[in-house]
Amino acid sequence: MWFSRLKWIRSHSANINHIFKRHFLLGIETSCDDTGAAILSKEGTILGEALAKQPSSEFGGVVPSFAMGFHAKNLPLVTQSALDQAQMNIQDIQYLAVTIKPGLGGCLATGLDYVKYLSRKHGIPVIPIHHMEAHALTGRMLEKINFPFMVLLVSGGHCLLAIAEDVDKFKLLGQAVDNSPGEAFDKAARSLKLHSIRPDLRSVPGGRAIEIVASEGGNPKAIEFPTPLSQYMSCNFSFSGFKAQIWNILNFDAEGTSLEPDELLLNVSDVAASLQYGVARHICQRLQRGFEYVRLEEIWSPDQENTLVVSGGVACNQFIRNSIIKICDEFNTRVVFPPMKYCTDNGVMIAWNGLEKYRKGLDIIQPEQVMDLDVSPKSPLGIDISTQVTNRFIKCKWIKII
Ligand code: KG4
Ligand code: ZN
């Protein structure tokens, strides 16, 4: 009897939710190549989530026009899938949250247009979301993390170090001036031909392939990768030099084809381990300067618990993780690595950011005004204080990671 009543309640969820005025939020993410949708309750419980991932690596990167078509096709599907999991209808949703910046213009616009359509058709207010702010805040959905905390994003698309002061207040300590660490790993894996020569690595991301090969007895000190931007006392990052160094190692000729198709570098484990160490050391040095800065500026007080949240695909790398933990230990800082599925692009982080804004009454756009919303492909995270950081001339005694 209980079972049949439960079934009845679920199948009539729309009416029940309406009667009891429960609040639910649908988050939509389309800023790059993945289409995400998720439903959160007002209490922050994930009720439904769906993600359609594009096989971008098979095309050698994201193809914007293809990505737009992919989003247009998948948006109704992932939304319906999230609604089905939550056992509700679109009429049960009280707020829509959608990424409007930064990202690929056409992809952002595809997501926003879909949300405008839902908003107008069903009379649902919209909460616009900044993609990087959403990445930065996700950790708070899973653990108690008080403001201010520091956030390090290391992925295929981003690399930045920032202080989150509040839901809508961020200070950018530094960011990548060229490539991201994920790009450096992906390009190195491609140059080293790890995917074509090792069938077992064919379907793993470039960075993971480097990690696996490095773990096969690679000596991290076999090859010296110069530390990027070492002459600048900033928290900015640069990863383009790693690619150049790999090319030097491979002794590429002008066409970049010095290796035969089935030829693998004999010391490939050493190259991978040295690259991984070089990338980890660079990330950790910028992080260490960030910690020194927040101490000097008394942004963090020594008598409260200070937290670093690390997000992005590159944070899957165990060597990089352990290196970051060492720096955090030295600075008596708690480090949080949210589960990978919430660190990479997804709808849940957008819905969560929407919920954080809803709770503070921030940026809630009524259906009558949604047509005025627009996307911004370029949009820095918070206030850029990277020059202030550099002007502090913070010289560090580097903590050894190995
Ligand atoms: O955050 P993410 O999944 O996606 C976006 O950037 O949008 O990051 C993907 C990046 C890729 O470049 C991939 O090679 C890298 O994360 N990655 C790793 C590892 N797993 C994925 N890098 C280093 N070590 C890993 N284990
Ligand atoms: Zn992202």
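All ligand and atom numbering here is 1-based and tracks the order in the structure. Just so it is clear, the structure is predicted and the values come from calculations on it, not from any experiment.
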Open item on the list: Regarding ligand 1, does S155 bring an N or O atom to under 3.5 Å of one of the ligand's N or O atoms?
Closed with: yes
Open item on the list: When you measure from the Zn ion (ligand 2) to the N, O or S atoms of H135, does any of those distances fall below 2.8 Å?
Closed with: yes
Open item on the list: Are any of the N/O atoms on F185, whether in the backbone or the side chain, positioned under 3.5 angstrom from an N/O atom of ligand 1?
Closed with: no
Open item on the list: Check this for me: does any side-chain nitrogen of one of K326 and E330 sit under 4.0 Å from a carboxylate oxygen of the other?
Closed with: no
- [ ] Flag the pair W300 / F291 as yes when their ring centroid distance falls below 6.0 Å, and as no otherwise.
- [x] yes
Open item on the list: Could you tell me if Q288 and Y293 have a donor-acceptor pair between their side chains, going purely by distance under 3.5 Å?
Closed with: no
Task: Neighbour count >12 (heavy atoms, 6.0 Å) for atom CG, N332 - done: no
TODO: Take every heavy atom of G206, measure it against each atom of ligand 1, and state whether any distance is under 4.0 Å.
DONE: yes
Task: N, O or S atom within H131 nearest to the Zn ion (ligand 2), by name - done: NE2
- [ ] Would you please say whether a donor-acceptor pair under 3.5 Å links the side chains of T227 and H282?
- [x] no
- [ ] List every atom of ligand 1 that sits less than 4.0 Å from any heavy atom of G312, numbering the atoms from 1 in the order shown and giving each element.
- [x] 1 (O)
TODO: Restricting to N/O/S, name the atom of D345 that gets closest to the Zn ion (ligand 2).
DONE: OD1
Open item on the list: Under a 3.5 Å cutoff, is there a donor and acceptor pairing between the side chains of Q276 and N317?
Closed with: yes
Open item on the list: Counting only heavy atoms not in E298 (residues, nucleotides, ligands), do more than 12 fall under 6.0 Å from its CD?
Closed with: no
Open item on the list: Using a 3.5 Å cut-off on N or O atoms only, is C343 in polar contact with ligand 1?
Closed with: no
- [ ] Give the residue and atom name of whichever protein heavy atom lies nearest to atom 21 (C) of ligand 1, and the separation in Å to one decimal.
- [x] G313 O, 3.5 Å
Task: E211 bridged to R208 by N-O distance under 4.0 Å - done: yes
- [ ] Taking atom types as modelled, find out whether T45 and E43 have a side-chain donor-acceptor pair closer than 3.5 angstrom.
- [x] no
- [ ] Starting from the C-alpha separation in whole Å, work towards a yes-or-no answer on salt bridge (charged side-chain N to carboxylate O under 4.0 Å, His left out) for E297 and R392.
- [x] CA-CA 10 Å; E297 293 293 326; R392 262 308 209 146; 2.6 Å; yes
Task: atom 22 (N) of ligand 1: the protein heavy-atom neighbour that sits closest, reported with distance to 0.1 Å - done: G207 CA, 3.3 Å
Task: NZ/K357: more than 12 non-hydrogen atoms of other groups inside 6.0 Å - done: yes
Task: Taking atom 3 (O) of ligand 1 as the reference point, the nearest protein heavy atom with its distance - done: T344 CG2, 2.8 Å
Task: atom 26 (N) of ligand 1 - nearest protein heavy atom and its distance - done: E211 OE1, 2.8 Å
Task: Option set V314, N317, D345, criterion heavy-atom distance to atom 15 (C) of ligand 1, minimum - done: V314
Task: Protein residue, atom and distance nearest to atom 11 (C) of ligand 1, heavy-atom basis - done: D186 OD2, 3.5 Å
Open item on the list: With nothing but distance in play, are any N or O atoms of G156 less than 3.5 Å from an N or O of ligand 1?
Closed with: yes
Open item on the list: Can you tell me which portion of R208 lies within the under-4.0 Å heavy-atom range of ligand 1? Options are side chain, backbone, both, or neither.
Closed with: both
Open item on the list: Is there a polar contact, in the sense of an N or O pair closer than 3.5 Å, between G182 and ligand 1?
Closed with: yes
